[in-house]
Each structure stands twice: as structure tokens, then as C-alpha cells.
Amino acid sequence: MIRAARAWAPANLALVKYWGKRDAALNLPATSSLSATLGLFGSEARIVPADTDVLDVQGDPGRALRVIEAARVLTGNRAPLDVVVRNTVPTAVGLASSASSMAALAMALSRALAFEDRPVQTARLARLGSGSAIRSLFGGFVEWDAGIAADGSDCRARTAFPATHLPLAIRVAVTAGGPKEVSSGEAMERCRGTSPSYEGFVRDNPAVLEAARSALADRDIARLGGIAEAQSLQLHEILREASPPIDLLRPASRDVLGVVSRLRERGVPCFFTIDAGPSVAVFVEPRHADAVGSALAAIPGVVQVLEDAVGAAGARFLEEVE
Ligand code: 2P0
């Protein structure tokens with residue numbers, strides 16, 4: 001028996017980065033991370049009973065199949081499913097569409113296959129689809145512990161601070177369309193195996209996370225921004241150091257960094273973060289969001305500026321199912 005189910009999950013942006021796995025089969029991260037959940041951009045998953053499996057997933061269907069198979073192993077329910085997953089965030093430009101889509105899918109499966117009273121299992125399934133998806137289950141500023149247990153039982157995520165603790169607007173400078181050439185999972189493995197500074201990145205992670213947590217507790221945008229920008233630059237340095245090198249940034253991405261720095265010199269409290277793609281997200285006090293948006297839109301090579309903010313809520317069920 002399958003119940004019809006619909007779920008929505010927001011995307012998230014990493015301030016302290018997850019990069020590399022301590023266990024690839026269980027998809028356990030080598031580093032703990034801290035992210036901000038978005039308010040508007042995300043993904044919707046819809047599941048209805050079917051005669052045979054139908055999978056219509058925007059993005060990588062392999063990830064979705066992994067999550068569905070894990071849900072079937074968990075419940076023993078192998079009834080056919082009609083699954084649709086749609087993103088409201090551009091796919092594969094480094095805006096965590098796999099995070100929101102896999103979080104939405106795991107949520108929808110939990111209702112369709114009746115394990116919604118087991119949130120730890122929903123979190124495990126989301127993480128199997130995409131590591132960072134576990135963070136999209138929660139709202140506000142989210143911490144995801146790498147943990148040390150071999151079975152992943154201490155690899156958990158939670159809201160560390162609600163969105164109201166430090167209200168921030170987000171403007172995303174989209175600098176290129178089209179899918180990424182290297183998947184995050186493959187890029188992580190290459191960095192782990194070949195980038196000289198990867199080991200230091202992992203070693204420094206607990207201290208970086210603690211500093212970010214303390215900056216957030218103090219509502220100190222300048223300190224938090226310094227950490228997020230350093231993490232982003234370090235991530236992309238590790239990528240360029242890999243063999244063969246991975247350079248995900250475009251000239252316009254680098255131009256955005258210069259504009260953010262000039263805005264800050266003019267007294268606008270803002271900072272950037274870049275995940276695994278060429279787009280750059282800028283966090284800013286809401287009263288300065290329009291100024292940041294206009295400055296980003298004026299940069300040649302910025303094809304679109306997305307408007308969002310740190311969101312209060314993580315993944316949730318949508319009640320009506322057509
Ligand atoms: C993050 N990223 O913390 C980091 C920073 C991108 C840059 O997590 O292999 O799709 O599915 O666990 O979660 C993107 O990688 O990787 C990511 P998998 P995922 O958000």
C-alpha cells in the first residue's frame with residue numbers, strides 16, 4: 001500500500017563547508033558543516049501509487065533511485081511508485097538543487113511508505129541521496145555533525161539558530177547556466193586524493209565551525225562573513241589544486257567578489273559564499289538587499305540575480321495531492 005504524498009524542501013547554502021566523505025557507501029561527511037536554509041527556492045516531490053515505477057526527477061535520477069531503494073529496504077514495501085521531483089532553483093549551477101530535491105523526496109517517501117514517525121530514517125535517506133540534503137530538513141542556520149561512529153548514528157543535523165536570530169537577505173548572482181561538468185561526489189573524491197591542502201581543510205574544520213557558531217551567537221556579520229568567504233575561497237583553491245584541476249568559477253564570479261568587497265568598504269554589511277558552482281550568493285542585512293541586488297545585476301556575465309532570504313522552516317509536507 002502506498003499513500004499519496006507531497007513534500008517541499010528548501011535549498012541551503014553552506015557557510016562552513018562539507019567537502020569529502022569519511023564513508024562513501026553510507027555517505028558520511030569528512031567535515032561538519034553549517035548552512036543557511038533558504039526561504040523560497042527549493043524542490044517539491046510528489047508520490048502517488050502506480051502500476052509500474054515512473055520516475056520523473058529533475059536532476060540526477062541515480063540519486064533518487066538510491067533514496068527510493070533505501071526506503072524500500074527500510075519498509076519492505078516494494079509497491080510501484082509514480083515519483084515527480086521539481087526544482088524551483090536552477091539545476092546544477094551550484095545552488096544545492098540536489099540538496100532540496102533529495103530532502104523533498106525523502107520527506108515524501110516517509111509519508112508514502114508510512115515511516116514519517118521516524119525522522120532519523122528520513123534524515124538518513126535524504127543524506128544518502130545528497131549529503132547536504134540532510135541540512136534542508138531544518139530551518140534557519142543548520143549544523144550537520146560529521147560524527148565519528150562507523151554506522152553514522154552520530155551524524156545528525158539540527159537548527160543551531162533560528163532565522164529570526166540574525167535576519168539576512170540573500171542575493172544570488174547566477175553567472176552561468178548549464179550543468180556542471182564534474183559531480184560534487186566525484187570532485188570531492190578527487191580533492192581528497194590529490195589536493196595538497198585538503199588535509200589541512202579537514203583538520204581545521206572543528207575550529208572553523210566553532211568560530212562560525214560563536215560569530216552567529218554574537219550576531220556578528222563581519223566575523224561570520226570572514227569565515228564563510230575564507231571557506232569558499234579555500235574550497236575553490238582545493239578544487240583548482242586537484243589533479244586534474246577543477247575550476248568552477250567564471251570571470252564574472254570573481255568580479256562579484258570584488259563588488260562585494262567594495263560594497264563592504266562603503267558600509268554595507270554583506271559577505272559572499274560560493275558552493276560547488278560558478279554562482280555566488282551574497283548575504284546582506286535586509287535594508288541593503290536592493291542595493292546589493294542592483295550592484296550584482298550590473299556586472300557583465302551575471303545572467304540573473306535570485307532574491308531570497310534565510311528561511312525559518314525546513315522540509316515539510318504539502319497537504320493536497322492531486
Ligand atoms: C556543502 N557542497 O557543504 C558543500 C559545499 C558543495 C560545496 O555539499 O556527494 O550534493 O551528494 O553528498 O551534498 C554539494 O555536494 O554531495 C555540497 P553528495 P552534495 O554544501
Side-chain angles (χ1 to χ4, degrees), residues 9-38 41-43 57-67 70 85 87 89 91-106 123-138 141-146 152 155 157 172 179-180 182-192 195 198 201-202 205 208-209 212 227-240 242 246 248-249 253 272-281:
N12 71 77
L13 295 165
L15 303 176
V16 176
K17 310 293 186 191
Y18 151 48
W19 199 248
K21 302 170 197 287
R22 67 178 175 90
D23 184 316
L26 299 180
N27 211 20
L28 301 174
T31 58
S32 297
S33 52
L34 175 80
S35 58
T37 292
L38 299 193
F41 287 105
S43 306
V57 177
Q58 216 181 340
D60 173 4
R63 291 173 181 272
L65 284 170
R66 202 164 11 161
V67 178
V85 182
N87 305 323
V89 59
T91 302
V93 292
L95 284 180
S97 58
S98 68
S100 56
S101 62
M102 292 304 109
L105 176 61
R124 183 178 65 86
L125 261 60
R127 192 195 72 220
L128 280 174
S130 172
S132 51
I134 195 171
R135 299 188 310 232
S136 283
L137 297 173
F138 304 91
F141 297 92
V142 179
E143 264 188 58
W144 175 26
D145 303 325
C155 178
V172 183
K180 285 183 281 180
V182 188
S183 75
S184 285
E186 193 187 328
M188 284 180 196
E189 279 308 292
R190 198 185 297 175
C191 290
R192 204 168 63 94
S195 299
Y198 178 72
F201 169 79
V202 174
N205 172 254
V208 172
L209 184 69
I227 294 162
E229 293 190 352
Q231 281 278 291
S232 302
L233 296 175
Q234 202 179 354
L235 168 67
H236 285 272
E237 194 178 308
I238 289 169
L239 283 159
R240 280 192 304 274
I246 304 167
L248 298 173
L249 301 184
S253 325
F272 67 80
T273 186
I274 319 170
D275 284 337
S279 300
V280 183

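Counting starts at 1 for both ligands and their atoms, in listed order.
- Put simply, the residue from Leu13, Leu235, Leu249, Leu248 that forms a side chain to side chain contact (heavy atoms under 4.5 Å, CB included) with Ile274 is Leu249.
- Listed by number with element, the atoms of ligand 1 under 4.0 angstrom from any heavy atom of Gly131 are 11 (O), 12 (O), 13 (O), 18 (P).
- No side-chain donor-acceptor contact under 3.5 Å links Ser32 and Asp145.
- Checked by atom type, the side-chain pair Ser136/Ser100 shows no donor-acceptor distance below 3.5 Å.
- Taking CG from Leu34 and CG from Asn205, the interatomic distance works out to 10.5 Å, rounded to the nearest 0.5 Å.
- Atom numbering of ligand 1 starts at 1 in the shown order; those under 4.0 Å from a heavy atom of Ser98 are 10 (O).
- If you number the atoms of ligand 1 from 1 as listed, the ones under 4.0 Å from a heavy atom of Asn27 come out as 12 (O).
- Looking at Asn12 against ligand 1, nothing comes within 4.0 Å, counting heavy atoms.
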ask   = Can you list the steps and then say if Arg192 with Met188 is a side-chain contact (heavy atoms from CB on, under 4.5 Å)?
value = CA-CA 6 Å; Arg192 204 168 63 94; Met188 284 180 196; over 6 Å; no
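- Within the structure, the closest approach of Lys21 to ligand 1 falls below 4.0 Å when heavy atoms are considered.
- At a heavy-atom cutoff of 4.0 Å, ligand 1 is contacted by the side chain of Ala14 but not by its backbone.
- Using a non-hydrogen distance threshold of 4.0 Å, Ala99 does not register as a contact of ligand 1.
- Going from atom CE of Met102 over to atom CD1 of Ile134 covers 14.5 Å, rounded to the nearest 0.5 Å.
- Close approach of ligand 1 to Met188 is summarised as follows: ligand atoms under 4.0 Å from at least one heavy atom of the residue are 15 (O), 16 (O).
- Of all atoms in ligand 1, listed by their number and element, those nearer than 4.0 Å to a heavy atom of Leu235 are 7 (C).
- Atoms of ligand 1 lying under 4.0 Å from at least one heavy atom of Gly185, given by number and element, are 9 (O).
- Taking CZ from Arg66 and CG from Leu128, the interatomic distance works out to 7.0 Å, rounded to the nearest 0.5 Å.
- Asn12 places a side-chain N or O within 3.5 Å of a backbone atom of Ser132 that can act as its donor or acceptor partner.
- Near Lys17, with a cut-off below 4.0 Å to any heavy atom, the atoms of ligand 1 are 3 (O), 5 (C).
- Here's the thing with Ser132: one of its N/O atoms is less than 3.5 angstrom from an N/O atom of ligand 1.
- Looking at Leu13 against ligand 1, nothing comes within 4.0 Å, counting heavy atoms.
- Looking at ligand 1, you'll find an N or O of Ser130 within less than 3.5 Å of one of its N or O atoms.
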task = Check the pair Val208, Lys17 against side-chain contact (heavy atoms from CB on, under 4.5 Å), reporting the backbone distance first and the verdict last.
result = CA-CA 10 Å; Val208 172; Lys17 310 293 186 191; over 6 Å; no
